[in-house]
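In what follows, a single structure is set out as structure tokens and then discussed.
All values derive from a computational prediction rather than experimental measurement. Order of appearance sets the numbers: ligands from 1, and atoms from 1 within every ligand.
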Amino acid sequence: MLLQGQVCIIVGASSLRGIGYATAELFAQNGARLVLVDLAMDDRIISDIVASIANKTGSDPIVAGLKCDITNPADCERVVAEVVARFGTIDCLVNCAGIVLAQSMLSIVEADYDRILDVNLKGTFNICKSVLTVFAARKAGVIVNLASVAAQRGGGLVGGAHYAASKGGVVSLTKTIAREFGPQGIRANVICPSMVETAMLDDNLSRDKFDEIVAGIPLRRPGKPSDIAGVCLFLASQLSTYVTGATIDVNGGSHIH
Ligand SMILES: NC(=O)c1ccc[n+]([C@@H]2O[C@H](COP(=O)([O-])OP(=O)(O)OC[C@H]3O[C@@H](n4cnc5c(N)ncnc54)[C@H](O)[C@@H]3O)[C@@H](O)[C@H]2O)c1
């Protein structure tokens, strides 16, 4: 039980096929008290998630679901206040919220650029800032952000230039948080997955492109949400107490650098 009693917010966790859900399931197995936050969260989604976790773990998880648009700073502050009111504190934030568009540079219009940057970079900034007010007051806390191999290799797999740039921003933002808040006992790390089989790929990748990418991965398979969840658990837990500001590759060897 690596997270026994820990209050963990997982943002971007409304899809049973997603990285956020896989992380929630693993965290619940490790004793965490979970708040799952998503733009799409509603009563039906959270009850399906609770039923699925209970089915997998064989026990009743402590899980709350909250709707939030992380592009809106006031919404992030409201959610963080609600979590503190209900659970008393926050120990960990895992931010899996994100959107992608498979577009070539010259086809990206201003509205696409703004939407991708708003959710992936500004949204990450907003939710981190809100949680950091709680972490700074208690001089403890852990942040795990989700970027992408797109930030490291210059896009080219699924997302366009706007997606790669937004995820590069998430890497820089996370490093800055680690440096600024390290003296207060707060850790922040970022994960760069490559292609993971979630709903995010559905409208953004042809079967041929998918097969071509898999053929180039040394481990010869796409990532599973549980592959990422395992690293989130490591970074959220006491197993990684001297790890901060790190960018962790979870890519099957597809980008070795
Ligand atoms: N799937 C991949 O191949 C892959 C690869 C590299 C990185 N990632 C990153 O991993 C993270 C998780 O992605 P996933 O594959 O599980 O996809 P997903 O679509 O299942 O999860 C993303 C979630 O973010 C939520 N979201 C979108 N906008 C939001 C907003 N404004 N406020 C709150 N929530 C919002 C969505 O509702 C969704 O539930 C994302 O940051 C993604 O960019 C995914």
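When every heavy atom of A24 is checked against every heavy atom of L36, the shortest pair comes out as CB-CD2, 3.8 Å.
Under the 3.5 Å distance criterion, with hydrogens and angles disregarded, a donor-acceptor pair is assigned to the side chains of S52 and Y21.
By the 4.5 Å heavy-atom criterion applied to side chains, L132 and I186 are counted as neighbours.
For A151, the side-chain contact (heavy atoms from CB on, under 4.5 Å) test picks out K167, V171, with sequence neighbours left out. Taking the side-chain contact (heavy atoms from CB on, under 4.5 Å) definition, one finds that A188 meets it with I143, T174, I177, A178, sequence neighbours left out. Scored by the side chain to side chain donor-acceptor pair (under 3.5 Å) test, R220 finds no partners at all (sequence neighbours excluded).
In this structure, ligand 1 sits under 4.0 Å from heavy atoms belonging to G12, S14, S15, G18, I19, D38, L39, C68, D69, I70, T71, C96, A97, G98, I99, V119, L146, A147, S148, Y163, K167, P193, S194, M195, V196, T198, M200, L201.
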